[in-house]
Engineer: 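Okay, here's the structure, questions in a sec.
Along the sequence shown, residues are numbered consecutively beginning with 1.
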Amino acid sequence: PVGIEKGGINNSEITNNVQILTTELRPLKGWKINSIINYQTIGEYDKDTKNIIYQHMVDQSVRVMPAKSNNSIIERYFNDYYWTTNTYTSYEIHLNEKHNFMLLAGMQFEYNKDRSLANLRNDLIVQEISALSGATGELSLKEILSQWATEGYFIRFTYNFKEKYL
């Protein structure tokens, strides 16, 4: 239990922000314009400190637990930005209660961008002070960047005669 208690500390923070805007406009009879816009950001911070764990033996000697022969600190930062837009419009017209026409057109767009950075440093000078600058080991950095986007368009025309599709 003592080894687990003093084996290290993990602190995590996550910030999630979501904004959604949905609207429908009807500028003229039979004409609708719909739009959904979604924007999301996620920010994560994680700090993991691993301490050396000492075993106190029956013969009064002290030794380092084999699995915990060094101490270290890892800090990770992650940001994700996501944006999507879905917009479409439709127009319906009915002639002589027999001929029914509808035109539907729209587009969809998505964009995502991720960034992460991880820092690792071994050999903390004072185990109770978990800071990258408080360690003497070599600093190891890892960076990951990615982004992608999609875009699509569509159009559809429908006609029916007396509510029967031909």
Side-chain angles (χ1 to χ4, degrees), residues 1-27 32-90 103-156:
V2 172
I4 293 172
E5 262 178 36
K6 298 190 179 195
I9 298 170
N10 180 274
N11 293 318
S12 295
E13 298 172 14
I14 298 175
T15 304
N16 192 358
N17 181 14
V18 177
Q19 304 292 321
I20 300 172
L21 173 66
T22 303
T23 187
E24 180 177 281
L25 303 174
R26 296 180 184 217
K32 293 182 195 174
I33 301 170
N34 299 82
S35 187
I36 301 167
I37 300 169
N38 180 356
Y39 180 74
Q40 179 178 19
T41 60
I42 300 172
E44 294 182 28
Y45 169 75
D46 184 52
K47 184 177 189 178
D48 192 15
T49 305
K50 297 190 182 342
N51 293 332
I52 295 174
I53 300 174
Y54 297 96
Q55 289 180 314
H56 297 274
M57 309 308 287
V58 175
D59 64 357
Q60 303 301 318
S61 65
V62 178
R63 70 177 191 182
V64 175
M65 283 185 74
K68 299 296 282 182
S69 61
N70 70 347
N71 56 12
S72 64
I73 179 171
I74 300 172
E75 284 188 285
R76 291 180 281 285
Y77 302 88
F78 172 77
N79 283 309
D80 178 60
Y81 304 95
Y82 177 73
W83 171 35
T84 183
T85 301
N86 187 5
T87 302
Y88 56 96
T89 184
S90 63
L103 181 64
L104 176 68
M107 62 85 62
Q108 192 271 339
F109 172 80
E110 282 184 276
Y111 175 76
N112 191 79
K113 181 179 180 180
D114 295 328
R115 288 186 281 191
S116 68
L117 181 64
N119 308 299
L120 165 67
R121 198 164 197 184
N122 291 319
D123 305 323
L124 287 166
I125 299 168
V126 179
Q127 290 194 141
E128 290 77 19
I129 301 174
S130 60
L132 289 168
S133 60
T136 60
E138 184 177 333
L139 182 62
S140 172
L141 299 171
K142 181 180 181 183
E143 180 182 43
I144 299 173
L145 304 170
S146 73
Q147 78 180 49
W148 56 267
T150 63
E151 191 171 358
Y153 300 90
F154 69 92
I155 190 165
R156 178 173 48 191

Engineer: Could you check if a side-chain atom of Leu117 sits within less than 4.5 angstrom of a side-chain atom of Ile144, using non-hydrogen atoms only?
Structural biologist: no
Engineer: Would you check if Thr89 and Leu104 make a side-chain contact, meaning some heavy-atom pair closer than 4.5 Å?
Structural biologist: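 The answer is no; the side chains never approach within 4.5 Å.
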Engineer: A side-chain contact here means heavy atoms from C-beta on lying under 4.5 Å apart; do Ile73 and Leu124 qualify?
Structural biologist: yes
Engineer: Taking all heavy atoms of Val18 and all of Asn38, pick out the closest pair and write down the distance.
Structural biologist: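 Heavy atoms only, the tightest pair is CG1-OD1, 4.0 Å.
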Engineer: Atom OG of Ser146 and atom CG of Asn112: how far apart are they, to the nearest 0.5 Å?
Structural biologist: 6.5 Å
Engineer: Is a side-chain N or O of Lys47 found less than 3.5 angstrom from the main chain of Ser130, in a donor-acceptor match?
Structural biologist: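 Answer holds: yes.
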Engineer: Would you say the side-chain atoms of Arg115 pair up with the backbone N or O of Leu145, donor to acceptor, closer than 3.5 Å?
Structural biologist: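 Such a contact is absent between Arg115 side chain and Leu145 backbone.
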Engineer: Evaluate whether atom CD of Glu138 has more than 12 neighbouring non-hydrogen atoms of other residues, nucleotides or ligands under 6.0 angstrom away.
Structural biologist: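 No.
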Engineer: Quick one: do Tyr81 and Gln147 satisfy side chain to side chain contact (heavy atoms under 4.5 Å, CB included)? Show the steps, please.
Structural biologist: CA-CA 9 Å; Tyr81 304 95; Gln147 78 180 49; over 6 Å; no
Engineer: Which residue is it: Thr84, Thr85, Asn86, Thr87? I am looking for the one with a side-chain hydrogen bond (donor to acceptor under 3.5 Å, both in side chains) to Gln108.
Structural biologist: Thr84
Engineer: How long is the straight-line distance from CG of Asp123 back to OG1 of Thr136, given to the nearest 0.5 Å?
Structural biologist: 4.5 Å
Engineer: For the residue pair Asn10 / Asp46, report whether a side-chain donor-acceptor contact shorter than 3.5 Å exists.
Structural biologist: yes
Engineer: Compare all side-chain heavy atoms of Glu44 with those of Glu13 and state whether any distance is below 4.5 angstrom.
Structural biologist: no
Engineer: Do Phe78 and Tyr45 come close enough that some side-chain heavy atom pair is under 4.5 Å?
Structural biologist: no
Engineer: Please evaluate residues Tyr39 and Ile37 with respect to the criterion side chain to side chain contact (heavy atoms under 4.5 Å, CB included), reporting the C-alpha separation (whole Å), side-chain torsions for both, the decisive distance (0.1 Å), and the verdict.
Structural biologist: CA-CA 7 Å; Tyr39 180 74; Ile37 300 169; 5.6 Å; no
Engineer: Do Thr15 and Asn17 have a side chain donor and acceptor closer than 3.5 Å?
Structural biologist: no
Engineer: Does some side-chain heavy atom of Asn34 sit less than 4.5 Å from a side-chain heavy atom of Ile36?
Structural biologist: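 Not in contact.
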Engineer: How many angstroms lie between atom CD1 of Ile74 and atom CG of Leu120, to the nearest 0.5 angstrom?
Structural biologist: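 Separation between the atoms: 5.0 Å.
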Engineer: Using a 4.5 Å cut-off on heavy atoms from C-beta on, say whether the side chain of Asp48 contacts that of Arg76.
Structural biologist: yes
Engineer: Could you please spell out the steps behind the side-chain hydrogen bond (donor to acceptor under 3.5 Å, both in side chains) verdict for Gln40 and Asn16?
Structural biologist: CA-CA 7 Å; Gln40 179 178 19; Asn16 192 358; 3.2 Å; yes
Engineer: With rounding to the nearest 0.5 Å, note down the distance linking CZ in Phe109 to CH2 in Trp83.
Structural biologist: 5.0 Å
Engineer: Indicate the ring-plane relationship of Trp148 and Tyr82, choosing parallel, tilted or perpendicular according to the 30° and 60° boundaries.
Structural biologist: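 The rings of Trp148 and Tyr82 sit tilted, inter-plane angle from 30° to 60°.
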Engineer: Measure the CG-OG distance between Asn122 and Ser140 for me, rounded to the nearest 0.5 Å.
Structural biologist: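 Result: 9.0 Å between the selected atoms.
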Engineer: To check you understand the geometry: which heavy-atom pair defines the closest contact between Met107 and Phe154, and what is its length?
Structural biologist: N-CE2, 4.1 Å
Engineer: Closest heavy-atom contact between Pro27 and Ile33?
Structural biologist: CG-CD1, 4.0 Å
Engineer: Taking the side chain as every heavy atom from C-beta outward, state whether Glu75 and Leu132 have any pair of such atoms under 4.5 Å apart.
Structural biologist: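 Side chain of Glu75 against side chain of Leu132, heavy atoms only: contact under 4.5 Å found.
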Engineer: Could you give the distance from NZ (Lys113) to CG (Asp80), rounded to the nearest 0.5 Å?
Structural biologist: 11.0 Å
